[in-house]
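Below, chain A is the first sequence line, B the second, and so on; all start at residue 1. As a basis for the values below, the full set of heavy atoms in this structure was taken, side chains included, without hydrogen atoms, waters or symmetry mates.
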Protein chains: 2
Amino acid sequence: MSRSSIGTSSRRRRTTSPRPRCRPRCGMGGSCIARDGVIRLDTVTTPGPRPTITEVARLAGVGRSSAARALGGYGSVSESTRDRVLAAARELGYETNELARSMSTGETRTIGVVLADIANPFFAGVLRGITEVCAAEGFDTIVVNTDEDVEREQAAVRLMLAKQVDGIVVSPTGGADADADHLEAAISRGVPVVQLDRTLSRLPGPAVVLDNREAAFAATQELLSAGHRRIALAWGPRSEVPADTVAGLQTAAQADLSTTRERLIGYLRALADAGLPADPRLVMTGDQTVDGVARFTREALSAERPPTAVVVTETDAALGVLQVLREQSLQSPRDLSLVGFDDAPWVQYLDPPLTVLSQPVEELGERSAQELLALMRGRPVSASLVHLSARLIRRSSVASLPS
Amino acid sequence: MSRSSIGTSSRRRRTTSPRPRCRPRCGMGGSCIARDGVIRLDTVTTPGPRPTITEVARLAGVGRSSAARALGGYGSVSESTRDRVLAAARELGYETNELARSMSTGETRTIGVVLADIANPFFAGVLRGITEVCAAEGFDTIVVNTDEDVEREQAAVRLMLAKQVDGIVVSPTGGADADADHLEAAISRGVPVVQLDRTLSRLPGPAVVLDNREAAFAATQELLSAGHRRIALAWGPRSEVPADTVAGLQTAAQADLSTTRERLIGYLRALADAGLPADPRLVMTGDQTVDGVARFTREALSAERPPTAVVVTETDAALGVLQVLREQSLQSPRDLSLVGFDDAPWVQYLDPPLTVLSQPVEELGERSAQELLALMRGRPVSASLVHLSARLIRRSSVASLPS
DNA sequence: CTGAAAGCGCTTACAG
DNA sequence: CTGAAAGCGCTTACAG
């Protein structure tokens with residue numbers, strides 16, 4: 001119990017400078033002149049003491065290493081030492097400075113999450129899945145919103161590397177021609193990356209995505225088996241010029257998000273399987289917005305041979321179609337059958353309740369976090385590409401056509 | 001241009017130990033035995049070099065301080081030195097280690113965001129507002145989901161302090177009697193806290209919230225002015241026993257979230273202003289879930305004197321009411337008038353399109369981030385309590401009653 | 001088991 | 001302007 005203070009102050013604590021350093025949390029009385037030149041009184045911010053291991057060790061009357069061992073739960077310490085240290089820590093209200101810990105260990109227990117739009121219910125649900133898994137494993141998440149802007153995505157990844165995150169989950173913006181240098185930089189620096197929802201063709205790494213091809217296939221087939229033969233696809237590639245051939249469509253989709261590309265492929269394959277020709281005019285191209293979809297829908301409905309049904313592969317696309325139905329006092333499924341994408345509590349109260357393919361939103365997030373954690377721990381990942389399946393929820397927006 | 005290496009290695013670089021330290025990013029050839037006892041080959045993880053200022057300085061042939069000054073953009077460096085340093089940095093692919101920077105400066109340029117449910121569209125929108133403002137100012141956000149669990153909230157705040165965040169935005173869980181020790185701890189340690197959406201009565205600090213009282217008042221008044229006299233409130237305090245007096249209701253609300261309390265007060269005040277007595281049986285209490293609301297709605301509708309209208313103050317409450325309407329083949333507004341809370345793209349396509357009070361969701365997030373940044377910069381905050389207003393969007397779920 | 005020392009990679013006075 | 005040194009608060013060998 002001797003409170004010897006001998007040797008408890010390291011050489012570096014004896015600064016040669018008589019004047020303490022000036023910093024916001026300096027804790028000394030008087031005033032500081034900060035870098036910006038503004039004079040601040042300490043009493044204004046009243047920076048409470050954040051005790052360090054040194055203080056705890058001194059109060060407990062042990063060396064800093066012993067205190068660190070007791071506090072950090074590593075190495076070995078006698079029971080009596082541990083007790084004294086923990087008591088001192090409690091008395092001072094000590095909490096580990098994780099920043100300093102990270103400097104030593106090289107791990108921050110923080111992962112970076114780069115998403116296209118966190119206000120979008122899809123990504124909000126995904127984010128929830130990620131944070132739940134990470135939190136359970138003791139990891140924090142830094143989240144960044146890119147709004148589908150590649151430059152913001154690049155800047156986000158750069159900053160995350162600078163902050164030394166242990167891994168990154170990203171829903172990359174960009175299609176086949178998009179470069180993945182920023183993500184490759186992360187990987188080459190030893191920071192694992194898992195792609196979520198979309199995949200970049202230049203980045204062969206692990207990814208967790210919906211089986212979009214299968215989902216669009218199922219949506220189309222649902223309409224085919226109800227007897228529909230002219231089925232539109234609302235949300236296609238954002239090509240500049242409207243494609244007038246299926247091949248043109250596929251080329252355009254190649255430059256789009258992998259989700260858009262895969263859903264187009266699934267749609268086309270369902271038609272082909274049914275022995276039906278695909279009509280490029282029934283596939284939306286161009287402006288990927290609610291208004292863009294509304295415009296496409298109006299045109300399609302006023303064409304010579306209008307569709308009797310539409311596969312709607314985005315929430316915003318559903319909104320665009322619903323808008324036109326209302327405009328033209330049309331009713332679904334009487335005038336147009338619909339199979340949507342993404343479920344939401346509201347969807348069953350729409351008129352009509354929409355038949356949709358529901359994505360396992362939260363699970364996509366959870367799986368991506370699990371894959372990332374496995375990667376960070378050096379464990380072999382289950383697969384380089386994890387496909388999750390959408391679930392068809394039948395409601396009443398699909399009418400049967402007399403055949 | 002002399003590449004003198006004299007003096008470029010500090011004392012500490014000359015370690016007395018002949019064996020380099022073993023850590024994942026050690027970069028040396030051969031293998032490491034990590035703490036977990038697993039032998040890993042360096043070539044497995046191929047940890048790319050993360051060059052430090054020391055390497056850059058050496059390559060540029062200048063001292064570490066000069067390199068640091070050139071890289072960090074502080075102090076003064078000659079142009080030629082700066083050029084050589086920047087060239088060397090580019091060649092090595094140098095990026096600042098923000099962790100180390102934070103150790104020195106005491107600021108992490110990271111804020112903590114503690115929300116009740118990030119998958120909820122309200123909080124998802126709020127989060128977006130926060131991250132947009134923070135990103136523009138060069139701050140990252142660590143986000144944590146609490147699911148309205150006080151213990152998770154406390155743990156989150158503790159961890160954020162340990163990670164040395166510069167400030168915290170929190171939507172606190174808990175009512176009047178909830179203790180705010182974890183948040184007070186943050187403040188007393190010099191880490192500013194702003195409350196969002198809800199306020200804790202024990203924490204008088206700055207907060208950004210909706211003017212819930214005014215919003216509920218407006219919703220109720222909308223129904224009153226349409227001639228309704230028996231108006232229910234769907235989503236009230238979660239008291240154990242159903243309150244049979246208005247005073248009992250208010251007492252229960254005092255222990256609930258501030259949002260619930262304020263909305264009840266606004267509802268009651270509108271009735272009082274209209275000279276109408278409040279009927280406690282028309283106010284939901286207890287189970288705050290979709291099912292709870294459905295149960296309440298069923299009972300209210302089957303009572304002796306059923307309500308002709310209901311003020312619905314939560315999204316989940318709207319779902320509960322809609323469920324009962326469907327169950328009983330009732331139609332709004334013919335059988336029941338509705339004023340809801342929170343808008344969403346779907347709401348206009350519901351049957352009927354709901355009249356709602358729309359919250360400025362993103363703005364709530366933006367303002368809270370702005371207040372926090374102001375606080376962190378020591379600038380006086382505009383007000384300790386910022387009230388934002390909801391906007392009434394009239395659609396067709398309110399029927400006029402013959403008076 | 002224990003303590004002193006070195007190191008993580010920066011920034012910040014200090015002394016040329 | 002420039003470089004050597006000290007320090008941020010931890011963890012990690014090392015030597016008792």
Side-chain angles (χ1 to χ4, degrees), chain A residues 4 6-23 25-26 34-35 50-57 61-82 85 94-107 162 164, chain B residues 4 6-23 25-26 35 50-57 61-82 85 94-108 162 164:
Chain A
S4 84
I6 302 166
T8 57
S9 69
S10 81
R11 178 181 46 70
R12 273 186 224 117
R13 283 194 56 85
R14 288 194 207 103
T15 164
T16 54
S17 160
R19 180 141 76 88
R21 302 171 71 205
C22 176
R23 34 165 62 203
R25 51 181 177 152
C26 54
R35 240 202 278 180
R50 296 212 204 184
T52 69
I53 278 189
T54 305
E55 271 92 62
V56 174
V62 302
R64 298 203 305 153
S65 318
S66 295
R69 279 187 281 257
L71 259 13
Y74 52 87
S76 31
V77 265
S78 69
E79 203 170 317
S80 77
T81 300
R82 187 196 323 279
V85 170
Y94 172 84
E95 294 279 351
T96 305
N97 181 332
E98 290 291 339
L99 215 58
R101 188 180 171 282
S102 293
M103 275 291 286
S104 301
T105 63
E107 63 172 36
Q164 316 294 113
Chain B
S4 83
I6 302 170
T8 57
S9 70
S10 81
R11 180 183 44 73
R12 269 185 229 118
R13 285 192 58 83
R14 289 192 207 104
T15 165
T16 54
S17 159
R19 178 143 74 92
R21 302 172 70 207
C22 176
R23 34 164 63 204
R25 50 181 178 151
C26 54
R35 242 202 276 179
R50 296 211 206 183
T52 69
I53 279 189
T54 305
E55 270 93 62
V56 174
V62 302
R64 298 203 304 153
S65 318
S66 295
R69 279 186 282 257
L71 259 13
Y74 53 85
S76 32
V77 263
S78 70
E79 202 168 319
S80 77
T81 299
R82 186 194 324 280
V85 170
Y94 172 83
E95 295 280 351
T96 303
N97 180 332
E98 292 290 339
L99 215 58
R101 190 181 170 280
S102 293
M103 274 291 284
S104 301
T105 63
E107 60 171 40
T108 52
Q164 316 295 112

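- Comparing Val77(A) and Tyr94(B), the nucleotide of DNA chain C nearest to each residue sits closer to the 5' end for Val77(A).
- By the 4.5 Å heavy-atom criterion applied to side chains, Thr96(B) and Leu71(B) are not counted as neighbours.
- OP1 or OP2 of dG3(D) has at least one side-chain nitrogen or oxygen of Ser66(B) nearer than 4.0 Å.
- Taking side-chain N and O atoms only, Thr54(A) has no distance below 4.0 Å to OP1 or OP2 of dG9(D).
- Side-chain atoms of Asn97(A) lie closest to dC10(D) of the nucleotides dC10(C), dC10(D), dG3(D).
- Between Ser78(B) and the phosphate of dT2(D), there is a side-chain N or O to OP1/OP2 separation shorter than 4.0 Å.
- Residue Glu79(B) is the one, among Glu79(B) and Ala100(B), whose nearest nucleotide of DNA chain D lies closer to the 5' end (criterion: closest heavy atom).
- Side-chain proximity of Thr105(A) to the nucleotides dC10(C), dT11(D), dG3(D) is greatest for dT11(D).
- Closest of all the heavy-atom pairs between Glu55(B) and Arg50(B) is OE1-O, 4.4 Å.
- For Tyr74(B), a side-chain nitrogen or oxygen approaches OP1 or OP2 of dT11(C) to under 4.0 Å.
- If you check dC10(D), dT11(C), dT2(D) against the side chain of Arg64(A), the one that comes closest is dC10(D).
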**OP:** Dot-bracket for DNA chain D, please, read 5' to 3', with Watson-Crick or G-U wobble pairs under 3.5 Å on both distances, ( ) within the strand, [ ] crossing, | other strand, . unpaired.
**Re:** |||.||||||||.|||
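- When the nucleotides dT11(D), dT2(D), dC10(C) are ranked by their closest atom to the side chain of Arg101(A), dT11(D) comes out on top.
- The nearest whole Å value for the distance from the CD1 atom in Ile53(A) to the C1' atom in dT11(D) is 8 Å.
- Not counting sequence neighbours, the partners of Thr81(A) by the side chain to side chain donor-acceptor pair (under 3.5 Å) test are Ser78(A).
- Residue-to-nucleotide contacts include no donor-acceptor pair under 3.5 Å from the side chain of Arg50(A) to the base of dG9(D).
- Going from atom CG of Leu99(A) over to atom P of dC8(D) covers 14 Å, rounded to whole Å.
- To the nearest angstrom, C1' of dC10(C) lies 13 Å from CZ of Arg69(B).
- Within the 4.0 Å cut-off from OP1 or OP2 of dC10(D), not a single side-chain nitrogen or oxygen of Ser102(A) is found.
- Residue Ser65(B) is classed as a base contact, given a heavy-atom separation below 4.0 Å to a base.
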